[in-house]
*Asks:* 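What follows is a single structure, and I will ask about it in a moment.
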Amino acid sequence: MTHKIIIDTDPGIDDAMAILFAFGAADIEVLGLTTVFGNVSAERATLNALTLSQWAGRPVPVAKGANTPLMMEPRKHADYVHGQDGFGNIGWPEAACERDVRSAPHFIVDTVNANPGEVTLVALGPLTNLALALELDPDIASKVKEVVLMGGAVHETGNVSPVAEANLINDPHAGDAVFGADWPVTMIGLDVTHQVLLKSGVLERIEAANPEQGGFLNKAAQHYFGFYREAMGIDGCYFHDAATIAYVLDPSLFGCRHGAIRVATDGLAIGQTMMAPEGRSFPTEGWENRPLVKVAVEVDDVRVLSLFERTLSAQ
Ligand code: RIB
Ligand code: CA
């Protein structure tokens, strides 16, 4: 079965891994890339998305999206993690092609309406564009096949604060709207991505088999590996954004629970994703009439990494 997807993204080194993984997967048709602030500005994310799609020989539409969160001041971009250019400051040549004339939310709305019931939205950054698309046309909720997002954590600690994951803390209001909409959402958060450690050997083997794409990822990832080494004492990096593509290709790689998800929008816990497990009721307000979200809590890390390596090595 071919999965039609739109990737909403802030590339970003692990976003680049996810995008090339999706381009390389025979069972995935990438309908377009939509961009959002996060790791870098929306402007830079758009340039990086254009560069990846052109350079990989997959010139899909790229639509620029939000450069700020819905309701608050933006946080600083994560250039200390991904480099100022988002690709680890390796001086990668930039594409000189045009983006789609539509904004990211318009592109999402148009594409979902043109393919009702068929489009999976894969979100790899703050959820601002998805929330804006819902505002623009609330009916898309019933026409999207699935939303698969990298973000949040329900049992695991956060990576920006003790409780908040980066994509959710960057726009918690958008996150709360996306988790509250009546569409099927699967959350691939830190609960699983912190169980998958990508070591440099995997990228070296991909580079040996696929020198162009593997070479780029391996070079760009050195900055990312440096961050993990210095900030966390970890040899390798967590497999964040590309885990969503593994889920799209083979959901059996993940074990999931269901529950309502709320996102804290202010205070010390801002950006925290909290789950009310399916079947539990609470005497406090705020949990009633919320849809169930599928939350990944278990993952087969060996098979996920092997799927990534096989797919990119075969290009
Ligand atoms: O917390 C990990 C997420 O934050 C990933 O999407 C990464 O690219 C950064 O945006
Ligand atoms: Ca990302």
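Nothing here was measured: the structure is a model prediction, and the numbers come from that model. Atoms within a ligand are numbered from 1 in the order they appear, just like the ligands themselves.
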*Asks:* Which atoms of ligand 1 have any heavy atom of D241 under 4.0 Å away?
*Replies:* 5 (C), 6 (O), 7 (C), 8 (O)
*Asks:* When you measure from the side chain of D171 to the backbone of L127, do you find a donor-acceptor pair of N or O atoms at a distance under 3.5 Å?
*Replies:* no
*Asks:* Could you check R303, K199, R205 and say which one makes a salt bridge (Lys or Arg N to Asp or Glu O under 4.0 Å) with E309?
*Replies:* R205
*Asks:* How does V160 reach ligand 1, if at all, at less than 4.0 Å between non-hydrogen atoms: by side chain, backbone, both, or neither?
*Replies:* neither
*Asks:* Where does V81 meet ligand 1, judged by heavy-atom distances below 4.0 Å: at the side chain, the backbone, both, or neither?
*Replies:*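 None of V81 does.
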*Asks:* Pick one of side chain, backbone, both or neither for how D14 approaches ligand 1, counting any non-hydrogen atom pair under 4.0 Å.
*Replies:*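 Only the side chain of D14 comes within reach of ligand 1.
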*Asks:* Using a distance threshold of 3.0 Å, state whether an N, O or S atom of L124 lies below it from the Ca ion (ligand 2).
*Replies:*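 A backbone or side-chain N, O or S atom of L124 is under 3.0 Å from the Ca ion (ligand 2).
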*Asks:* Under a 4.0 angstrom heavy-atom cut-off, which atoms of ligand 1 come close to A166?
*Replies:* 1 (O), 4 (O)
*Asks:* Which is the closest N/O/S atom of D241 when seen from the Ca ion (ligand 2)?
*Replies:*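 D241's closest N, O or S atom to the Ca ion (ligand 2) is named OD2.
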*Asks:* Quick test of your reading of the model: are K64 and E43 salt-bridged, counting only N-O distances below 4.0 Å?
*Replies:*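 Yes, K64 and E43 are salt-bridged.
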*Asks:* Please report the closest heavy-atom contact between V144 and P184, naming both atoms and the distance.
*Replies:*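 Scanning both residues completely, I find the closest heavy atoms to be O-CD, 4.1 Å.
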*Asks:* Decide whether T273 and E165 meet the rule of one side-chain donor and one side-chain acceptor closer than 3.5 Å.
*Replies:* no
*Asks:* Please check: side-chain N/O of D14 versus main-chain N/O of D241, any donor-acceptor pairing under 3.5 Å?
*Replies:* yes
*Asks:* Any atoms of ligand 1 less than 4.0 Å from a non-hydrogen atom of E165? List them with their elements.
*Replies:* 1 (O), 2 (C), 3 (C), 4 (O)
*Asks:* Output yes when R44 and D79 qualify as a salt bridge under the 4.0 Å nitrogen-oxygen rule, no when they do not.
*Replies:*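 Here R44 does not pair with D79 in a salt bridge, since their nearest N and O are not under 4.0 Å apart.
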*Asks:* Can you tell me which N/O/S atom of D10 has the shortest distance to the Ca ion (ligand 2)?
*Replies:* OD1
*Asks:* Within the structure, does L190 bring an N/O atom to less than 3.5 angstrom of an N/O atom in ligand 1?
*Replies:* no
*Asks:* Determine, considering heavy atoms only, which of N39, D10, L168 sits nearest to atom 9 (C) of ligand 1.
*Replies:*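 The nearest heavy atom belongs to N39.
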*Asks:* Check whether any N or O atom of H240, backbone or side chain, sits under 3.5 Å from an N or O atom of ligand 1, and answer yes or no.
*Replies:* no
*Asks:* Using distance alone, with no hydrogens and no angle criterion, decide if T120 and H3 have a side-chain donor and acceptor under 3.5 Å apart.
*Replies:* no
